[in-house]
2 protein chains.
Amino acid sequence: MPAVNDCIEMLDSETKAVETPEDHAEELRLWLRLLTCTTLIEGEVRGRLRQRFDVTLPRFDLMAQLDKAPDGMTLSDVSKRMMVSNGNVTGLVERLVESGHLDRRTSETDRRVQVIRLTKLGRAEFRRMASEHETWIADLFADLTPKDVRELMRLLAKTKASAQKSAARRRP
Amino acid sequence: MPAVNDCIEMLDSETKAVETPEDHAEELRLWLRLLTCTTLIEGEVRGRLRQRFDVTLPRFDLMAQLDKAPDGMTLSDVSKRMMVSNGNVTGLVERLVESGHLDRRTSETDRRVQVIRLTKLGRAEFRRMASEHETWIADLFADLTPKDVRELMRLLAKTKASAQKSAARRRP
DNA sequence: GGGAAACATTTTAGGCTTAAAACAATTTGG
DNA sequence: CCAAATTGTTTTAAGCCTAAAATGTTTCCC
């Protein structure tokens with residue numbers, strides 16, 4: 001009896017009292033919009049880095065991590081911070097060592113560990129790129145008021161926590 | 001005299017009256033947080049798609065576009081919608097045609113154009129995946145209240161508009 | 001009509017990315 | 001002590017992705 005079914009579904013969607021196929025369209029739209037924003041900005045930054053400095057985004061990101069760590073980082077550290085796979089970092093580091101931006105040495109205390117640092121050249125180039133990069137980002141977010149920025153920061157922090165909790169539920 | 005300099009900088013950062021090297025650290029932090037959220041969720045979705053359905057995220061995304069277009073789409077349409085390069089779509093479509101999920105034919109009216117559609121198999125598989133996918137997304141955003149979701153939607157719409165405007169300024 | 005511009009797609013070359021397996025070194029627990 | 005588990009990195013195989021150049025087709029407009 002379709003009529004009865006319709007009633008039940010309407011009731012549910014209004015009151016959230018019953019367990020039936022729920023509507024998660026809002027969350028889905030939110031996710032797509034989040035993804036759109038990120039893709040848009042990421043593509044813009046990628047293009048500007050390439051045009052202005054002939055550098056790729058992953059290389060820039062890796063250098064950004066190292067700039068914050070004057071004593072260097074292990075490959076695992078970098079991999080966790082950048083949220084990419086280990087093997088990915090291996091290749092990235094290889095190319096940046098090759099181009100003279102990174103210094104890589106085996107730890108004295110643990111011969112499994114590779115410690116990487118920015119070279120003088122690498123640091124200088126990164127600083128030069130980073131200051132321009134910061135103005136790009138400011139420009140991309142220019143229409144947001146300081147209040148918007150604060151509110152977004154708060155909601156994204158909540159989003160991040162929610163997603164981490166959900167991920168942990170599945171992989172305890 | 002460093003003391004004087006400090007005063008000027010503090011004044012500026014408080015009042016925004018003078019034009020000096022401005023501080024865009026807040027926007028930068030916002031961008032990094034946005035990127036973190038997306039990377040986190042995207043990685044989670046990618047992993048679940050692989051484990052549950054042995055499908056990649058780009059394939060799923062492409063099928064999602066086609067599911068909304070019963071009459072098919074051209075490769076250019078897909079490329080614009082997915083915000084990826086043309087060449088990328090060519091390869092993706094190739095593999096999905098090969099696996100029987102997509103049907104590709106040259107347009108009768110314009111022989112430059114390739115029109116792609118989901119096959120029966122492709123549509124069935126996509127629907128099966130999509131309904132589960134929707135629950136994953138809902139779970140990942142579970143800690144956000146309906147008000148949070150609305151507010152995020154609003155702020156991300158503003159962000160998207162701002163970024164598009166900034167991109168257009170560069171590439172008119 | 002015909003050449004130039006615009007458009008849709010593919011190709012190319014190179015880099016990024018992942019998951020999984022392999023390898024190497026250290027730590028741990030009996 | 002030493003075998004087993006753990007940890008850090010690299011390798012492998014496959015796929016994703018981009019920018020730029022090349023190819024084929026249509027449209028524009030003189």
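Just so it is clear, the model here is predicted, and its values are computed rather than measured. Just so you know, these numbers use all the heavy atoms, side chains as well, and skip hydrogens, waters and symmetry mates. In what follows, chains are A, B, ... by sequence order, proteins preceding strands, each numbered from 1.
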Counting the atoms with a prime plus P, OP1 and OP2 as sugar-phosphate, which does N86(B) contact under 4.0 Å by heavy atoms, base, sugar-phosphate, or nothing?
base
More 5' along DNA chain C: V84(A) or T109(A), using each one's nearest nucleotide?
V84(A)
Quick one: is R46(B) getting a side-chain N or O under 4.0 Å of the dC16(D) phosphate, OP1 or OP2?
no
Which sits closer to the 5' end of DNA chain D, S76(A) or R50(A), going by the nucleotide each is nearest to?
S76(A)
Rounded distance in Å - CD (E108(B)) to C1' (dT25(D))
16 Å
Which comes earlier along DNA chain C counting from the 5' end, the contact point of T56(A) or that of V113(B), where each point is its nearest nucleotide?
V113(B)
With the threshold set at 4.0 Å, does a side-chain nitrogen-carboxylate oxygen contact exist between E151(A) and R154(A)?
yes
For a side chain to side chain donor-acceptor pair (under 3.5 Å) with S79(B), tell me which candidate from N88(B), N86(B), T90(B) qualifies.
N86(B)
Just checking S79(A): base, sugar-phosphate only, or nothing, at a heavy-atom cut-off of under 4.0 Å?
nothing
To the nearest Å, how far apart are M73(B) CE and dT9(C) P?
11 Å
Pick one: which of K165(A), K160(A), K158(A) meets salt bridge (Lys or Arg N to Asp or Glu O under 4.0 Å) with D143(B)?
K165(A)
Return yes if the base of dT9(C) and the side-chain atoms of R112(B) contain a donor-acceptor N/O pair under 3.5 Å, otherwise no.
no
In whole angstroms, the gap separating C1' of dA19(D) from CG of D54(A) amounts to 12 Å
State, with a plain yes or no, whether a side-chain heavy atom of L144(A) is found less than 4.5 Å away from one of L152(A).
yes
Using a cut-off of 4.0 Å on non-hydrogen atoms, how would the nucleic acid contact of M83(A) be classed: base, sugar-phosphate, or nothing?
sugar-phosphate
Tell me: CZ of R104(A) to C1' of dT9(D), nearest whole Å?
9 Å
Need to verify one output field. Residue with the more 5' nearest nucleotide on DNA chain D, R95(B) or D77(A)?
D77(A)
Between R117(A) and D71(A), does any side-chain N to carboxylate O distance fall below 4.0 Å?
no
Whole-Å gap separating P (dT17(C)) and CD (E94(A))
15 Å
Provide, to the nearest angstrom, the distance between the CG atom belonging to L75(A) and the P atom belonging to dC23(C).
20 Å
Can a side chain N or O of R111(B) be found less than 4.0 Å away from OP1 or OP2 on dC7(C)?
no
Which of the following nucleotides, dG15(C), dT10(D), dC17(D), is nearest to the side chain of Q114(A)?
dT10(D)
When the distance from CG of L92(A) to C1' of dT10(D) is rounded to whole Å, what number comes out?
15 Å
Which part of the nucleic acid does T90(A) contact within heavy-atom distance under 4.0 Å: base, sugar-phosphate only, or nothing?
base
Classify L57(A) by what it touches in the nucleic acid, base, sugar-phosphate, or nothing, heavy-atom distance under 4.0 Å.
nothing
Figure out the CD/C1' separation between E42(A) and dT18(D), and round it to whole Å.
12 Å
Once rounded to the nearest 0.5 Å, what's the spacing between atom CG of L92(B) and atom OG1 of T56(B)?
6.5 Å
Looking at every strand, decide which applies to N88(A) at a 4.0 Å heavy-atom threshold: base, sugar-phosphate, or nothing.
base
